[in-house]
Protein chains: 2
Amino acid sequence: MSDLEAKDHHGDEGIVAHVITTGGELLQGHTLNTHPAFLAQALWDVGVEMTHQVTIPDSEVIADEVGRAITQADVVIVTGGLGPTSDDITRECVASALGVGLELDPAVDSVIRSYLERRGVSVRAEQSRQAMVPQGAEVLENPNGTAPGLWFDGLPRDGVRCRFLAVLPGPPRELHPMVNELVIPRLRSAFGRGDAEVTDVLHLIGVGEADVAAAVDGPLEAIDGLRHGYCARIGEVDVRLIGKREIVDRGREVVTRVFADRLVAAGGLVPTVIRLLADRGWMLTTAESCTGGAIASALTDVSGASAVVDSGLVTYSNEAKMRFLGVSKQTLDEHGAVSDETCREMVLGALEASGSDVVVACTGIAGPTGGSDDKPVGTVFIGVGTRGGNVDVERCLFLGARATFKQRVVVKALDMVRGAVGRCG
Amino acid sequence: MSDLEAKDHHGDEGIVAHVITTGGELLQGHTLNTHPAFLAQALWDVGVEMTHQVTIPDSEVIADEVGRAITQADVVIVTGGLGPTSDDITRECVASALGVGLELDPAVDSVIRSYLERRGVSVRAEQSRQAMVPQGAEVLENPNGTAPGLWFDGLPRDGVRCRFLAVLPGPPRELHPMVNELVIPRLRSAFGRGDAEVTDVLHLIGVGEADVAAAVDGPLEAIDGLRHGYCARIGEVDVRLIGKREIVDRGREVVTRVFADRLVAAGGLVPTVIRLLADRGWMLTTAESCTGGAIASALTDVSGASAVVDSGLVTYSNEAKMRFLGVSKQTLDEHGAVSDETCREMVLGALEASGSDVVVACTGIAGPTGGSDDKPVGTVFIGVGTRGGNVDVERCLFLGARATFKQRVVVKALDMVRGAVGRCG
């Protein structure tokens, strides 16, 4: 946790935030509460550490929790319960915790009414509840919904620690822009970072978080004024660097020196592969067995894929491998569907069938059945070939559940495409 | 929220649980905290409502929060901080909140040592910290790690509301089995449900949660002794029914009567489609444009897919639609790639090219660009055809981000396969 302590910016205790998320749906187990992770990252980027996060129903408990949080934290963020219905009582609870009244703000009321009218929604009387504003609060406009946010800079109550209190709507598509565009800039300027601080995110592919940490934790911690952290996904690790521009650049050099060949551009692996292909005007075809289309699907998750993805041939059965890719029956009989030889023929067959410039192919054993001593569950052969160039096949062993296995193959396959295309000038 | 109140089993207030999850990694935004959703569902199945959930670091705050929770809730669950290192202090904090001491349990110590020795891990002295047990606690064995859980049936402190306190390890692969196998059965028997209660989950496809609730909430609430709840995913809703066998069967009849054609078998849509195909010995091929392989990938996420999935032809470019599926240039020129006519030719072309018994095809505009007045972003044509049978094409409009759009097309396409194959006897 030393990466998050940010000791350079404040005392031992630091600037801390308490986050209160409200809503019965968050307590019923049907909706995964993603607000804490989102808010923690946003706060951390401006040097504020989330040290307490509580989820409670839309009930009077909100007033208790707000009352408690404002005595213990510098920044308090409350989400949810700002809608127009009778169980949306966050506004009232906050006012009660602060010991202030609520007043109808006619300007806010008219913004809400015109928002609804533009969308052809009839304006109900209870909608005006959303225009009730506690004394001392500034209204934060909500371009993505009717519930405005509330912002307190200094609380109208003595003897509390809290300097900033934000009350924000619960739906992520309303919450996220409001945090990014209104809350974080205010906190950034309040805590004296100004515009001088930047955040860089470096994307590393095909290396584990523990290995990254072991290699760069020491050197990064030795750079005065730099904070860093990691975010790991399957087969990928993001390294976040925060500090003044020149300090972050020094951190960037450290990571680049160790992991030059693992580093992909902003946006991550898929956009990097798409850009590399687009730069060359190349089209790609996938020839997938064990991933069942997941490589092509991952590429087409990104807008712009149509410029570089020609096609994908998902040849799950041996029949399909022969029919669509021209894999020979003899190869399948002698070496098996999961083999270097079959993978190589899949690449060559797809290059020929598609006319594409690059092909990536894979064939493996996703499990839980189908493994042998020779080729246990998790074995996969991944091949990449370019028109008129070589075919490279790698054998890998990826353990884990079926979905994890597929995702690891997808990342490795796209990383091999990145390498092969990158080498072709 | 009426679905979760379980008024039939206890008073207005109900049996409530407070959940305390500890660990700095849960507060840094890098790890999504999935414990609350998991525990809420598990608790709800035995009639216990999670009304308060807090996340805090591995610090003395744990003692404060435990002290507070035991005065307010019937059941308190604490996760995390049971490891062998010095920042794992949950054991000590719980003991302090209860006002009891800790003692080394030699039997637990020897279980931990043999667990490590079996795995060839050298036993460090601090490992014995994990064998320290607060007075009054029962030890819950952990077959998946070294940290045992702790269970209090009745607390060694007066004047508290809490009857059951569970202290459990943080890693999901250790936590989940311990909850499912040790904690939930104890709570079930304590709260008098015995083995007589069952939980059925009904999977509905292609209908929204609000529509399901509007149709069945009333009738289900009228059944005495039945509790129900919903879990919505993109294009799918699960209805959970809990109560005595005959009571749950009555609830099942209500749902079945209204949504007979929307109901799929246990496991959900993909296993249902695979089973329908396997029953007939049929093979399927997909012909995908806008989903980029996601339909084939969804099918192959499930073990057993290889018996029924022959292949997938991801024809992202017009070139590929002509080359692999024989879509005519004239059709593409006259009607466009996103059209009923193109979709129909994709189905017929894939039936011919693959030799499969069933083909599902789709072509649409995932966005954010590419829409027109006629065919806005989100427009998609989905077609299903069987060998020697008809081709049915439906035009749909699915709004939402690219990933949401793709997932909704996948669900609709598989649902159309289910319908078409089901109709073929």
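Sequence lines set the chain letters: A, B, ... in the order given, protein chains first and strands last, and positions in each chain run from 1. Only this structure's heavy atoms are used, side chains among them; waters, hydrogens and symmetry mates stay out.
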Residue, of [options], that accumulates the most heavy atom pairs under 4.5 Å with chain B:
| options | answer |
| --- | --- |
| A:L43, A:V302, A:T21 | A:V302 |
| A:G355, A:G312, A:A403, A:A40 | A:G312 |
| A:Q41, A:K321, A:Q53 | A:Q53 |
| A:P368, A:G370, A:S354 | A:S354 |
| A:C290, A:A320, A:A298 | A:A320 |
| A:V314, A:T369, A:T34 | A:V314 |

For [X] versus [Y], what's the shortest heavy-atom pair and its separation?
| X | Y | value |
| --- | --- | --- |
| B:L27 | A:T51 | CD1-O, 3.8 Å |
| A:L26 | B:M50 | O-CE, 4.4 Å |
| A:T291 | B:S297 | O-OG, 3.8 Å |

Heavy-atom distance under 4.5 Å to chain A: side chain of [X], backbone, both or neither?
| X | value |
| --- | --- |
| B:N33 | backbone |
| B:S306 | both |
| B:T315 | backbone |
| B:E288 | neither |

The interface call for A:F38 against chain B, heavy-atom contacts under 4.5 Å, is neither
- request: Side chain from CB out, backbone as N, CA, C, O: work out which of these in A:A305 comes under 4.5 Å of a heavy atom of chain B, or both, or neither.
  value: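 For A:A305, backbone and side chain are both near chain B.
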Return the option, out of [options], with the maximum number of heavy-atom pairs under 4.5 Å with chain A.
| options | answer |
| --- | --- |
| B:G292, B:A37, B:G293, B:G367 | B:G292 |
| B:A294, B:P36, B:A353 | B:A353 |
| B:S59, B:A366, B:S356, B:S303 | B:S303 |
| B:M283, B:E319, B:R68 | B:R68 |

Fill in: Point-to-point distance, once rounded to the nearest 0.5 Å, from CG of B:D64 to CD of A:Q72
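It is 8.0 Å, given to the nearest 0.5 Å.
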Value for OG1 (A:T300) from CZ (B:R402), rounded to nearest 0.5 Å, stands at 6.5 Å
Do B:L313 and A:F324 have side chains that approach each other closer than 4.5 Å (heavy atoms only, starting at C-beta)?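 The answer is yes, as the side chains (C-beta and beyond) meet within the 4.5 Å cut-off.
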